[in-house]
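These figures come from a predicted structure and were not determined experimentally.
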Amino acid sequence: MKTVILAGGLGTRLSEETEVRPKPMVDIGGRPILWHIMKSYAAQQFREFFVALGYRGDVIKRYFLDYHDLSKSVTVEVATGHASFHETQVDNWTVHLMDTGLKTQTGGRVKRLQPWLEEGTFMLTYGDGVSDVNLGELVRFHREHGRIATLTAVRPPARFGALSFDGDLVSSFSEKPQTGEGWINGGFMCFEPRLFEYITDDDDSLEADTLTRLAADKELVAFRHDRFWQSMDTLRDVRLLESLWQGGAAPWKTWD
């Protein structure tokens, strides 16, 4: 099954990191968050990716053009410039790096990929969020409900600690609980090719236009995921994800 990753936005809320590179290329633990997302999918047997490029797509292209060689140990004969690469296990992925326009909206980016996605069910997610969602269960849920679209509904971590009261006494305190706020669209979606009937052109937003139309036609269902999910929208989010990775407590790391 093919997986689309939206990676073309400007990332303006993370301008400290995105002036020279697209947001999916911001590092967590020395690797782009895009790599983390793809490792999560590949660990669950989804290994063919369509990366929808826009802003600084050249940075993502260069990363994958160099990926094979830079993932291996190398011996260089300096006098001749000859390089020989040593056998090292490299990720077995197929990555299609697709230019989808600089100003194209999210729905329009998906629409531009239609010729490659018409054969059957496909996955889609954003290039700036990680989770420990079980993708196999997501696909089963999607097929059981028989609708055009399934999104993963998540409950983002609360920005502040939560208090419970017994009169004037604080009976419990929870520091920024995962279940502190309502359900939102967390990405990690499944679609049928009929999705393209609901996207008009480059100006269509996947969220504000396409998913709204699908919901109105009762063609959108939600797979509730109440475990880990985190987007990377601000520098604070980058630091949080980095601290989880460096502390060996990254829930999205589902690979060995």
Side-chain angles (χ1 to χ4, degrees), residues 2-44 46-72 74 88 90-110 112-113 116 123-133 135 186-189 206-207 228-247 250-255:
K2 298 169 181 176
T3 299
V4 174
I5 302 177
L6 296 174
L10 294 174
T12 53
R13 284 184 290 176
L14 193 56
S15 59
E16 303 93 335
E17 295 280 353
T18 58
E19 287 187 3
V20 296
R21 58 182 169 178
K23 186 160 65 163
M25 294 304 290
V26 173
D27 281 355
I28 303 297
R31 297 275 195 168
I33 192 171
L34 178 60
W35 177 87
H36 290 262
I37 295 166
M38 295 169 79
K39 288 288 283 189
S40 296
Y41 271 91
Q44 300 184 60
F46 299 92
R47 297 194 177 103
E48 184 175 5
F49 301 97
F50 284 78
V51 184
L53 304 176
Y55 171 68
R56 293 310 309 269
D58 58 302
V59 176
I60 299 177
K61 287 180 181 177
R62 176 54 57 191
Y63 178 79
F64 284 104
L65 285 169
D66 292 340
Y67 190 85
H68 180 270
D69 288 347
L70 295 184
S71 296
K72 292 188 170 188
V74 59
T88 307
V90 180
D91 294 301
N92 184 23
W93 307 340
T94 300
V95 183
H96 309 272
L97 304 167
M98 313 298 288
D99 289 311
T100 57
L102 183 61
K103 297 182 179 180
T104 310
Q105 296 299 307
T106 48
R109 294 190 190 282
V110 180
R112 289 199 183 197
L113 299 179
W116 296 275
M123 309 280 271
L124 181 145
T125 197
Y126 302 107
D128 62 356
V130 289
S131 178
D132 61 354
V133 62
L135 299 171
F188 299 96
M189 308 178 208
L206 181 65
E207 302 76 23
F228 179 82
W229 174 89
Q230 180 65 53
S231 64
M232 189 187 68
D233 290 323
T234 66
L235 195 56
R236 175 180 170 275
D237 296 331
V238 175
R239 290 168 177 162
L240 170 62
L241 292 170
E242 182 70 24
S243 67
L244 290 172
W245 184 265
Q246 295 300 341
W252 71 90
K253 186 181 182 299
T254 57
W255 61 91

side-chain contact (heavy atoms from CB on, under 4.5 Å) between Val110 and Leu6, worked out: CA-CA 8 Å; Val110 180; Leu6 296 174; 4.0 Å; yes
Candidate pair Trp116 and His96, rule side-chain contact (heavy atoms from CB on, under 4.5 Å), full reasoning: CA-CA 10 Å; Trp116 296 275; His96 309 272; 5.9 Å; no
Residue pair Tyr55, Leu102: steps toward the side-chain contact (heavy atoms from CB on, under 4.5 Å) verdict: CA-CA 6 Å; Tyr55 171 68; Leu102 183 61; 4.1 Å; yes
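With contacts defined as side-chain heavy-atom distances shorter than 4.5 Å, the pair Val26/Glu242 does not qualify. At least one side-chain heavy atom of Asp99 sits under 4.5 Å from a side-chain heavy atom of Lys61. Contact of the Ile37 side chain with the Phe49 side chain is not registered, since no non-hydrogen atoms from C-beta on lie closer than 4.5 Å. Between Val130 and Phe228 there is a side-chain heavy-atom pair separated by less than 4.5 Å. Contact check for Pro22 versus Val59: side-chain heavy atoms found under the 4.5 Å cut-off. Residues Asp27 and Pro32 form a side-chain contact, since some pair of their non-hydrogen atoms from C-beta on lies under 4.5 Å apart. Considering only heavy atoms from C-beta on, Arg31 stays 4.5 Å or farther from Trp245 through its side chain.
Distance check: Lys39 NZ to Asp91 CG gives 4.0 Å after rounding to the nearest 0.5 Å. Once rounded to the nearest 0.5 Å, the distance linking CG of Leu241 with CZ of Arg236 reads 10.5 Å. In this structure, CD in Gln230 is found 8.5 Å from CD1 in Ile33, a value given to the nearest 0.5 Å. Atoms CD and OG1, from Glu48 and Thr3 in turn, are 8.5 Å apart once rounded to the nearest 0.5 Å. For the atom pair Asp132 CG and Thr254 OG1, the distance stands at 8.0 Å (nearest 0.5 Å). Atom CG of Leu206 and atom CE of Met189 lie 5.0 Å apart (nearest 0.5 Å).
Of the possible donor and acceptor atoms, none in the side chain of Asp69 sits under 3.5 Å from a partner among the backbone N and O of Asp66. Distance alone, capped at 3.5 Å, is enough to place a donor-acceptor pair between the Arg109 side chain and the Gly8 backbone.
Counting all heavy atoms, side chain and backbone alike, Leu113 lies closest to Ala52 at CD1-CB, 4.3 Å. Between Ala7 and Val51 the shortest heavy-atom distance is CB-CG1, 3.7 Å. Between Val95 and Met38 the shortest heavy-atom distance is CG2-CE, 3.6 Å.
In the model, Trp252 has a side-chain atom that pairs as donor or acceptor with a side-chain atom of His36 under 3.5 Å. There is no side-chain donor-acceptor pair under 3.5 Å between Trp93 and Tyr67.
Classification of Asp58 and Arg56 as a salt-bridged pair holds, one side-chain N sitting under 4.0 Å from a carboxylate O. With respect to the salt-bridge test (charged N to carboxylate O, under 4.0 angstrom), the residues Lys23 and Asp233 qualify.
Sparse packing is recorded around NZ of Lys103, with 12 or fewer heavy atoms of other residues, nucleotides or ligands lying under 6.0 Å away.
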